[in-house]
Amino acid sequence: MNHRQQAQLTVHPHFEVGDIDPRVFGSFVEHMGRCVYTGIHEPDHPTADRHGFRADVAELVTELGVTAVRYPGGNFVSGYDWRDGIGPVADRPTRLDLAWRSVEPNTVGPDEFLPWARRLGMDPVMAVNLGTAGVREAAELVEYTNLAEGTSLTRERAANGHPEPHRVRTWCLGNEMDGPWQLGHTTATAYGQLAAEAGKAMRLVDPDIELVACGSSFRTMKTFGTWEDTVAEATTGVADLISMHAYYDGTQDRRDYLASGRLLETFIDDVAATIDAVAARLNAPRRMNISLDEWNVWSSLAKASPVGRQAPIATTPRITEDPYQALDGVVLGDLIIGILNHVDRVRIGCLSLLVNVSAPIHAEPGGAAYKQAIFHPFAAAARRARGRSLDCRLVAPEFVTPTHGTVPQVAAAVTHDTGTGAAALFLSNRGDEPVELTVDHGAFAAFDIKQAWTMTAADRRPARELNLVALTQAEAGARRSTVVLPPESWTVADAVASNDRT
């Protein structure tokens, strides 16, 4: 018979991680598989707007709460000529995309995508090609999108129907340049020099932009750490952030998979320590932050699908469109907790991808769009995590994994908006037994948990029917509250908190 293990969480209004940048709830649209074509864009769809974008998908994107969106890649960007995606659509070339062995019609380009993102209230994060292109192309793209007037490129943009600049704030200096699979793959030294020169030129066009240098593609890359050290040294003073990419495989051992949130936190700590050491060595006046601009879980129901060199050439190939189950939602929620506990360094987060390709939203050509299991924890957190993340103290049972050693069985993050008083608790139980969590909030003048919802890995409902369910075992006291966390679960609780003792 299962028994309840005990855990304790202490929350104090004066101890905080930092302010939450809303962009940590961003996503990613790449010209990959069916993310763009028959994903966000399908002119013949019954719900298509006058620009050809699917309104049913747009509604789900809004409900998901996406605040920022990275574009156009990803591996795709390293072979992309942005000029192919501007001008009259009928005159645009059809190209072979070597990253995903796809036929790229260039129907959607910057002048279509950026207004779509703005209409949905998303802050665009643009990537430039530093694989098969370079400094001039990057600077000219910034000029085309951001400069108001006075040059041939700004007149060309106006002639293309956009007299006002798109005003893109954040720019990625290439993508995964440490990866042998990447077009233009290079060394950290060569990439750092190129990124610094491209960033310098881009800033000469628009001094107000924010730049992201490429970090390692994965934590397990052989060059991890030395890559960050070399790139940070080359780009300190030019780049504002360095990227992290983190994917966790749902087909691995179940206990290892459930510990993914802890691995992400360690990864963030390692990157922060490395770039801080560079800043200290250079006596730099400021320190780079982190853009977690690709992160997700691979479906635990995944089946092998050919990509890259093994894939047949297709226009809209179905790449990694595996369904997600509740277990994947639980693990993704645990990853969100790790992000919220590091908002002092993680300023941007992009769930990869937004539609169809390992995504929270699935859309069938000519058919329906629906939510995947990972939609629900992301949407719940994006809607609630406002203001600041609190630096909590957690005492929890141990959780032993086959590969990753011993980690805490419970993870927790707490956010508080001092303006509205709204607070939220994000809790996960990685173990196969329930845990009774006591929350000590006595340092607040008032802290009242109103309601809690949970997702459990044991929920076997089909993806279209999955959602968070109400959790009734939340008991509030004067100084403490108790929440019972089901086995292998992710829970969110709404609260109202105040430190006003007058």
Output the distance between atom CD (Q372) and atom CG (L332), rounded to the nearest 0.5 Å. 11.5 Å
Using a 3.5 Å distance criterion without hydrogens, assess whether the side chain of E30 forms a donor-acceptor pair with backbone atoms of C35. no
Partner of D240 under salt bridge (Lys or Arg N to Asp or Glu O under 4.0 Å), chosen from R347, R286, R169: R286
Can R95 and E104 be said to form a salt bridge (charged side-chain N to carboxylate O under 4.0 Å, His left out), step by step? CA-CA 5 Å; R95 303 288 193 196; E104 173 55 54; over 6 Å; no
Answer yes if the side chains of D334 and S428 hold a donor-acceptor pair under 3.5 Å, and no otherwise. yes
Are R54 and D49 ion-paired here, with the side-chain N under 4.0 Å from a carboxylate O? no
For the residue pair T401 and R262, confirm or rule out a side-chain donor-acceptor distance under 3.5 Å. no
Just verifying a value: how many Å separate N175 CG and L130 CG, rounded to the nearest 0.5 Å? 10.0 Å
Going by heavy atoms in the side chains, are D293 and V212 under 4.5 Å from each other? yes
Where the side chain of T235 meets the backbone of V238, is there a donor-acceptor pair that is under 3.5 Å apart? no
P408 backbone acceptor or donor facing R430 side chain under 3.5 Å: yes
Rounded to the nearest 0.5 Å, what separates atom CD in E156 from atom CG in L153? 6.0 Å
Would you say the side chain of L241 lies within less than 4.5 Å of the side chain of I290, judging by non-hydrogen atoms? no
With T320, the side-chain contact (heavy atoms from CB on, under 4.5 Å) member among V357, N296, N356: V357
Would you say the side-chain atoms of E143 and T154 include a donor-acceptor pair closer than 3.5 Å? no
Can a side-chain donor-acceptor contact be found between N129 and T132 if the only test is distance below 3.5 angstrom? yes
R136 CZ: over 12 foreign heavy atoms closer than 6.0 Å: no
L292 and I348, any side-chain heavy atoms less than 4.5 Å apart: no
If we count only N and O atoms by modelled type, under 3.5 Å, do the side chains of H245 and E176 hold a donor and an acceptor together? yes
Do the rings of H162 and H166 sit parallel, tilted or perpendicular, given the 30° and 60° boundaries? tilted
Run the salt-bridge test on R219 and D270 with the 4.0 Å N-O cut-off and return the result as yes or no. yes
Is the backbone of G333 close enough, under 3.5 Å, to the side chain of W490 for a donor and an acceptor to pair up by distance? yes
Does a donor on one side chain sit under 3.5 Å from an acceptor on the other, for D269 and H342? yes
Do you see a donor-acceptor pair shorter than 3.5 Å between the side chains of D256 and T403? yes
Might you work through the side chain to side chain contact (heavy atoms under 4.5 Å, CB included) test for V17 and L390, ending with a clear yes or no? CA-CA 5 Å; V17 177; L390 299 182; over 6 Å; no
Taking the six-membered ring for Trp, are W298 and Y247 parallel (under 30°), tilted (30 to 60°) or perpendicular (over 60°)? parallel
Under 6.0 Å between ring centres, would you say that holds for F267 and Y248? no
Heavy-atom donor-acceptor pair, H51 side chain to F53 backbone, under 3.5 Å: no
Under 4.5 Å between any side-chain heavy atoms of D206 and L147, yes or no? no
Under 30°, 30 to 60°, or over 60°: which ring-plane class applies to H31 and Y37, parallel, tilted or perpendicular? perpendicular
Measure the spacing between CG of D178 and OG of S216 and express it to the nearest 0.5 Å. 5.0 Å
Does a side-chain N-to-carboxylate-O contact under 4.0 Å join D81 and R83? no
Heavy-atom side-chain proximity of Q193 to T189 below 4.5 angstrom: yes
If we count only N and O atoms by modelled type, under 3.5 Å, do the side chains of S102 and D97 hold a donor and an acceptor together? no
W295 ring centre to R70 NZ or CZ under 6.0 Å, with the angle to the axis within 45°? no
Charged N to carboxylate O below 4.0 Å: is that the case for R34 and E42? no
Below 4.5 Å, heavy atoms only, C-beta onward: do N146 and W171 meet side chain to side chain? yes
Give me the atom names and distance for the closest heavy-atom approach of A385 to T415. CA-OG1, 3.7 Å
Would you check if there is a donor-acceptor pair between the side chains of Q409 and N429 at a distance under 3.5 Å? yes
Tell me if the aromatic rings of F113 and H41 count as close, with their centers under 6.0 Å from one another. no
Would you say S291's side chain and I242's backbone share a donor-acceptor pair under 3.5 angstrom? no
When you look at L114 and M126, which way does the side chain to side chain contact (heavy atoms under 4.5 Å, CB included) test go after all the steps? CA-CA 9 Å; L114 293 172; M126 285 285 285; 4.0 Å; yes
Is D111 salt-bridged to R157, going by a charged N under 4.0 Å from an acidic O? no
Using modelled atom types only, decide if a donor and an acceptor are shared between the side chain of H416 and the backbone of A497 within a distance under 3.5 Å. yes
Would you sort out whether V29 and V355 count as a side chain to side chain contact (heavy atoms under 4.5 Å, CB included), showing the intermediate values? CA-CA 8 Å; V29 168; V355 184; over 6 Å; no
Can you check whether G215's main-chain N or O pairs, donor with acceptor, with S243's side chain at less than 3.5 Å? yes
Sidechain N-carboxylate O distance under 4.0 Å for D276, R345: yes
Does any N or O in the side chain of T230 come within less than 3.5 Å of the main-chain N or O of W227, such that one atom is a donor and the other an acceptor? no
Side chains of V142 and Y144: does their closest heavy-atom pair fall under 4.5 Å? no
Within this structure, what is the CD-CG distance for the pair E59 and L64, rounded to the nearest 0.5 Å? 13.5 Å
Measuring only between side-chain heavy atoms, which start at C-beta, is Q325 closer than 4.5 Å to S300? yes
Non-hydrogen atoms of I336 and F25 that approach each other most closely: CG2-CE2, 4.3 Å
Modelled atom types, side-chain donor and acceptor of Y80 and E137, under 3.5 Å: no
In terms of side-chain heavy atoms, does E140 have a donor or acceptor partner in W82 at a distance below 3.5 Å? no
Compare every heavy atom of M177 with every heavy atom of L183, then report the nearest pair and how far apart it is. O-CE, 4.0 Å
Using every non-hydrogen atom in the two residues, find where A363 and V57 come nearest and quote the distance to one decimal. CB-CG2, 3.8 Å
Which heavy atom of T67 sits nearest to which heavy atom of P22, and what is that distance? OG1-O, 2.6 Å
Minimal non-hydrogen separation, D229 against T274, with atom names: N-CG2, 3.8 Å
Does this structure show an ion pair linking K371 with E63, if we count only N-O contacts that are shorter than 4.0 Å? yes
Just by modelled atom types, is the T454 backbone N or O under 3.5 Å from a matching donor or acceptor in the S489 side chain? no
Establish, from distance only, whether the side-chain atoms of Y257 and D328 form a donor-acceptor pair under 3.5 Å. yes
